[in-house]
2 protein chains.
Amino acid sequence: MELPSSLLMFISSRHAEERIVAHLRAHGFDDLTLAQGRLAARVAEGGSRVTELAEAAQITKQTAGFLVNQLEKGGYVERVPDPTDARARLVRMAKRGRAAQACAREMELIVEREWEQRLGVRRMRALRESLENLREITDPYL
Amino acid sequence: MELPSSLLMFISSRHAEERIVAHLRAHGFDDLTLAQGRLAARVAEGGSRVTELAEAAQITKQTAGFLVNQLEKGGYVERVPDPTDARARLVRMAKRGRAAQACAREMELIVEREWEQRLGVRRMRALRESLENLREITDPYL
DNA sequence: CCATTTTAGTCAGTGACACTGACTATATGC
DNA sequence: GCATATAGTCAGTGTCACTGACTAAAATGG
């Protein structure tokens, strides 16, 4: 075994992440950091609580709160009171956040297509299937 | 596409990384951080220069130098003068570093075997081949 | 063979982002 | 209605990434 599979996965996933960040920067979302982006990607359609985001991203709620503040200042998300719980507030994507999301997905798709071209449709599908399969034993927040 | 392949790769690679860190901690290598470990993993058999390590890990040489200092304090690596270049010093694995390396490889292998059990030998081999293939277009420091 | 440029590495300063611990306010359960 | 759990914040700390400026040695090239 030259390199472990996990390291090979790390290499390619980081490559994709860097491409996405560069794409966002090039389109005016240059105040968005990697950590902020990772968290923003977890915000649900109807809004998410800070604590939920923290769990999903596997960071403490303090860190998540800090990142949400930055995202709020940047106009990417907004906070609204949670009607069902006076302690909580819901984090929702704002207009700029949705635009950034769309921008990120664009590059995500481009990379995905590049990989498919490299491997061919059959092997790309097999790759995705295996990765999804492994996720069931590797994703603690499935 | 439910989740992009790159994110699936990130999930599993992080899982493996966490297992390795936990294994190291459990065996007394509890002062070793993730960043230090990633750098230490790149130290070549005959020794490496700080600048080489920085390039391979894609960090600045200042950051690499800082991490090597920590590793040196922890007894994981040692620095010796480079006989071929008076400006440079070679970073070599020390005894404790080799022990930690062996410990990390242990868990690396365990995870690899778990994945193989999950996917079966055939699909695991196909996964590795595809990942190695993709590496050629995603690894800037191949 | 000396002047210029490149390269190895350090020092100093800053910023992002992770952590723990302590705290307030609200909700929930017996 | 009291004890406990939960949502979130505040304060403080540590790691690790960055840039910029620097020294010293090596390589290059008239």
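In what follows, chains are A, B, ... by sequence order, proteins preceding strands, each numbered from 1.
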* How far apart are the C-alpha atoms of E112(A) and R128(A), what are their side-chain angles, what is the distance that settles it, and do they pass the salt bridge (Lys or Arg N to Asp or Glu O under 4.0 Å) test? -> CA-CA 10 Å; E112(A) 199 86 9; R128(A) 282 194 55 80; 3.2 Å; yes

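- The separation between L90(B) atom CG and dA25(D) atom P is 17 Å, rounded to whole Å.
- The backbone N or O of E129(A) sits nowhere less than 3.5 Å from a side-chain atom of E132(A) that would complete a donor-acceptor pair.
- Residues from residues 55-62 of chain B placing a heavy atom under 4.0 Å of any atom in DNA chain D, listed by number, are I59(B), T60(B), Q62(B).
- Between the CG atom of L34(B) and the C1' atom of dG14(D) there is a distance of 15 Å, given to the nearest Å.
- Residue E52(A) is classed as having no contact, given no heavy-atom separation below 4.0 Å to the nucleic acid.
- Read 5' to 3', the first and last nucleotides of DNA chain C with an atom closer than 4.0 Å to a heavy atom of chain B are dT7(C) to dC11(C).
- Between R87(A) and T63(A), the residue whose closest nucleotide on DNA chain C is further toward the 5' end is T63(A).
- A donor-acceptor contact shorter than 3.5 Å links the side chain of R25(A) to the backbone of D30(A).
- Side-chain atoms of H15(A) and R19(A) form a donor-acceptor pair, as typed in the model, at a separation below 3.5 Å.
- In this structure, L53(B) atom CG and dA17(D) atom P are separated by 13 Å, rounded to whole Å.
- Checking E108(A) against S6(B) by side-chain atom types alone, no donor-acceptor pair falls below 3.5 Å.
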* Show your reasoning for whether side-chain hydrogen bond (donor to acceptor under 3.5 Å, both in side chains) applies to S130(A) and R123(B). => CA-CA 7 Å; S130(A) 289; R123(B) 278 186 294 180; 5.3 Å; no

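- Atom CD of E18(A) and atom C1' of dA17(D) are 13 Å apart (whole Å).
- One atom, CG of N69(A), and another, C1' of dA7(D), lie 14 Å apart when rounded to the nearest Å.
- Note: CZ (R49(A)) to C1' (dG8(D)) measures 11 Å, nearest angstrom.
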* Check the pair F10(B) / R14(B) against side-chain contact (heavy atoms from CB on, under 4.5 Å), numbers first and verdict last. => CA-CA 6 Å; F10(B) 177 73; R14(B) 180 169 60 175; 4.0 Å; yes

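- Using a 4.0 Å heavy-atom cutoff across all strands shown, D85(A) reaches sugar-phosphate atoms only and no base atom.
- Contact check for V91(B) versus E72(B): no side-chain heavy atoms found under the 4.5 Å cut-off.
- Distance, R79(A) CZ to dG8(D) P: 9 Å, rounded to whole Å.
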* **Test side-chain contact (heavy atoms from CB on, under 4.5 Å) applied to L67(A) and Q62(A), step by step** => CA-CA 9 Å; L67(A) 292 173; Q62(A) 292 93 323; over 6 Å; no

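- Within 4.0 Å of T51(A), counting heavy atoms only, lie sugar-phosphate atoms of the nucleic acid but no base atom.
- Comparing R89(B) and Q70(A) along DNA chain C, the residue whose closest nucleotide (by nearest heavy atom) sits nearer the 5' end is R89(B).
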